[in-house]
Amino acid sequence: MTTTAGGTGAALLEVPEVGPSAPAGGPPTSGRRIPTTITGDKGALACLVFLAIVVLMAVAAPLITKLSGWGPYQFDSAAINSDLGGVPHGSLGGISGSHWFGVEPQNGRDLFARIVYGARVSITISLSATLLTGILGVVLGMLAGFYRGWVDQVISRLMDFLMAFPALIFMIAILSSLPSGNRPVLLVVVISVFGWPYLARVIRGQTMTLANREFVEAARASGAKDTQVVFREILPNLRGSIVVMTTLAIPGFIGTEAGLSFLGVGVSPPTASWGQMIASSVSWYSVDPMFFAIPGAFLFLTVLSLTVLGDKIRTLIDQGEAA
Amino acid sequence: MLVGLVATAALTLSACGGGTSGTSGQSAGPDAKAGQGGTLQVLANAAFSHLDPARGFDGGVNNFYRLIYRTLTTQGAAPGAEGTKIVPDLATDTGKPSDGGKTWTFTLKDGVFFETGAPITSADVKWGVERAWDPEIGIGSPYAKQLIEAPASYQGPFKSGDLATIATPDAKTIVFHLKKAFADFGSVVAQNTFTPVPKGQGAGNQLDSKPISSGPYKLADYKPGASLKLVRNDKWDKKTDDVRTANPDAFQWTFGLDPATIDERMLAGQGTDADAIAGTVQAATVARMQTPQLKQRTMTGINGCTTYMGLNTTKKPLDNVKVRQAINLAVNKQTVRDADGGSALAEIGNTIQPPTITGRVDYDPYPSPDNKGDIEGARKLLTEAGLANGFTMTLDTRAQPKMQAMAVAIQQALEPLKVTVKINTIDTATYYEVIGTTSQQHDAAITGWCPDWPSGATFLPPLFDGRNITPKGNTNLSQLNDPGVNAKIDEIAKLTDVNAANAAYGELDKQIMALAPVVPLLYEKVLMLVGSNIGGAYLHDGFSGGIDLVSVGLKDAGK
């Protein structure tokens with residue numbers, strides 16, 4: 001069990017690098033073309049709709065649970081059979097009018113409410129981690145690529161070190177040894193520390209190419225300072241890569257958060273988390289398969305949607321740049 | 001002394017398969033008579049803590065030790081109260097007190113031998129007991145050290161030599177001189193530390209890897225953490241042993257199996273698993289055991305331990321008895337039980353002492369309808385204490401799904417009182433060490449306690465004697481130091497009649513609960529599946545509800 005989850009987590013962290021055609025740094029992609037094309041594609045549109053639902057759930061969680069009638073931490077002893085080890089009453093894991101997705105075995109907490117609140121945890125952690133890795137990756141990658149020399153040496157060796165590190169094992173070790181203070185923040189920090197080199201490496205390479213391009217030379221010749229070159233000439237040209245890399249990183253981080261929670265080092269109970277729900281459903285698979293199927297489906301669909309969407313955006317940007 | 005006891009509790013709560021009481025309605029299956037011969041399989045998750053009898057001290061090993069070791073006396077081999085009765089084992093009787101109960105004399109039986117063929121003499125028993133003082137070896141049962149007179153500097157036979165207070169006038173007689181009179185010393189000599197060890201043997205880790213057997217079986221093969229095989233010890237003579245039937249020719253343990261795997265294998269019962277026994281099933285398996293065929297292979301009973309939440313009386317606002325009483329009233333024990341696995345895996349507990357304790361009185365000091373918690377009553381008490389707006393407290397719990405689920409159930413139950421419970425999850429390996437260190441302990445902790453023999457003497461004094469609070473390895477988690485309770489403990493210790501003492505402990509239980517230093521939560525149950533070829537199995541009250549290994553066997557050894 002551990003190996004599988006570990007493998008998945010590690011694999012998800014390694015965000016595929018942008019294809020060789022991307023660093024060409026052509027004209028900036030049209031901001032309008034991407035949304036139009038995506039809404040035209042049925043698969044991508046479905047992904048977008050699903051993601052919109054998940055985000056809406058996360059944002060409006062308290063309102064939604066008020067509507068459904070059960071909070072995420074509220075026990076419902078009446079919904080479970082204490083004599084049979086706490087298995088939910090009724091078929092399909094206790095799905096009923098009052099518990100839309102059924103209940104959790106042994107305590108009767110509403111699965112719908114926990115899925116909704118779990119989306120909050122997944123989205124918050126993955127977006128925060130993406131933001132942090134984005135900032136770290138772009139800043140450090142550009143520093144290394146632009147200044148070269150010893151700056152590049154230091155940053156590149158640090159990246160090599162972090163990338164060669166068995167990240168998942170180290171994350172488990174760190175998270176289980178740290179006191180259980182503010183778990184979500186800890187998770188974001190730990191995930192980001194090991195996540196930024198993947199973005200930074202691409203940014204560094206592209207910055208190096210861009211810095212030698214004619215338009216940068218021209219800017220320098222006309223007396224532009226370093227900051228102007230970086231912010232006016234190079235950064236706008238990195239936009240495509242940053243968008244693609246971060247979009248593809250989000251599902252990775254969602255998976256990593258779920259994986260760490262599954263392994264018992266993620267958010268601490270009673271906070272609802274999809275990974276944790278899947279972990280506790282393992283022993284119930286034969287008597288209450290829905291307890292596994294529901295959080296599993298949400299996790300799967302979220303990661304799938306983000307990956308498909310990220311892929312689509314990458315293709316579009318590549319096409320735009322080739323055009 | 002505390003380490004051993006804490007280990008007991010640790011093992012119980014990890015549900016690695018202690019015993020069960022014989023009160024259960026056992027089915028025809030495992031109850032049927034066992035024949036001789038065959039190899040009995042045991043599937044286990046956790047390996048044995050120690051094979052050295054001076055070191056190991058928990059429900060799991062105590063039961064196992066009876067297969068390879070004999071002690072001066074031992075517990076009976078029968079379901080129910082018969083099982084907790086002390087009967088002679090190596091000794092001819094349960095001891096003769098003299099000097100008002102300060103001196104105890106035991107005489108060894110004839111014809112008892114070690115697996116080496118050497119006769120067991122009183123000098124070997126003495127050597128075995130002396131090892132309990134060795135700081136490195138004597139980490140198991142604390143009672144020898146606590147009760148037998150010894151110089152304060154005595155550190156076991158390897159470091160300090162001979163202990164004069166244990167006399168061996170001849171090869172068959174052994175005399176113990178105690179610090180003070182102790183009426184129940186006949187039960188004490190059934191503890192693991194009273195196992196004979198050939199004089200001069202058993203230094204360091206020697207017995208942990210190669211025990212020297214005095215019982216019906218001896219070690220044939222041992223891979224720590226993986227497997228252990230016992231075969232018959234041909235030097236053991238059935239005629240000298242009224243307790244052990246020793247049915248199978250061999251026992252084969254397999255350790256390190258995933259609990260879910262064990263459950264699946266026991267449900268299927270294929271191949272050699274038909275000859276297998278295992279520990280308590282997981283909550284998720286309960287629903288699958290309801291078919292008549294499986295019910296016939298099911299054994300259940302309470303494990304004789306109490307799971308409770310200790311409230312640290314030195315912390316504010318828990319120093320106020322009203323606040324502690326309010327928490328006692330408010331906790332919804334139904335949801336706590338569901339978190340533990342429902343009614344099949346636990347009974348709701350309201351008294352400190354579990355039902356297996358002799359002299360225990362059943363009462364409910366803080367009643368609520370269906371044990372679901374009396375929020376109104378609790379609110380009234382909190383208002384009287386000036387805490388109508390609630391407070392925040394930290395609850396320590398082990399990083400184990402079951403324990404965390406119980407903590408969450410308590411958190412939920414106290415929420416309507418505006419009491420915010422912060423759950424502090426502590427790593428399983430260090431949990432008991434952390435909560436036993438008074439400086440690191442928080443406001444409350446979920447833990448458990450099992451009696452070392454079914455008497456209040458091994459339950460209430462270690463948990464509530466205020467003079468036993470130590471900075472490290474503390475077992476008085478509530479840090480209760482009440483003069484009334486302390487005085488009563490002293491008063492009971494002076495009683496020479498064991499029955500009167502047990503009855504007095506029943507009353508002391510009430511006196512302590514009036515102060516509400518703990519919230520008794522559950523009496524956990526053992527619920528196990530045995531293979532279809534298992535016979536003579538019953539749950540032994542003395543071994544936290546484990547199947548009595550010295551009586552179990554195979555119905556048909558040739559199968």
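Order of the sequence lines sets the chain letters (A, B, ...), proteins ahead of strands, with each chain counted from 1.
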Between the main-chain N or O of A:V193 and the side-chain N or O of A:W196, is there a donor-acceptor pair closer than 3.5 Å? yes
When B:A409, B:P401, B:A405, B:A344 are compared by non-hydrogen pairs under 4.5 Å with chain A, the top option: B:A409
A quick test of your reading: do over 12 heavy atoms of other residues, nucleotides or ligands sit less than 6.0 Å from NZ of B:K315? yes
For the residue pair A:P105 and A:D288, what are the closest heavy atoms and their distance? CG-OD2, 3.4 Å
Output the option from A:V87, A:D83, A:N81 having the highest count of non-hydrogen pairs under 4.5 Å with chain B. A:D83
B:E415 versus chain A, heavy atoms under 4.5 Å apart: side chain, backbone, both or neither? neither
Region of B:D340 in contact with chain A, defined by heavy-atom distances below 4.5 Å: backbone
Nearest heavy-atom contact between A:A61 and A:R120 is CB-NE, 3.7 Å
Per-residue tally against chain B (heavy atom, under 4.5 Å) across A:N107, A:L84, A:I80 peaks at A:L84
Contacting moiety of A:S283, where chain B heavy atoms sit under 4.5 Å: both
When the ring centroid of A:F170 is compared with that of A:F165, is the distance short of 6.0 Å? yes
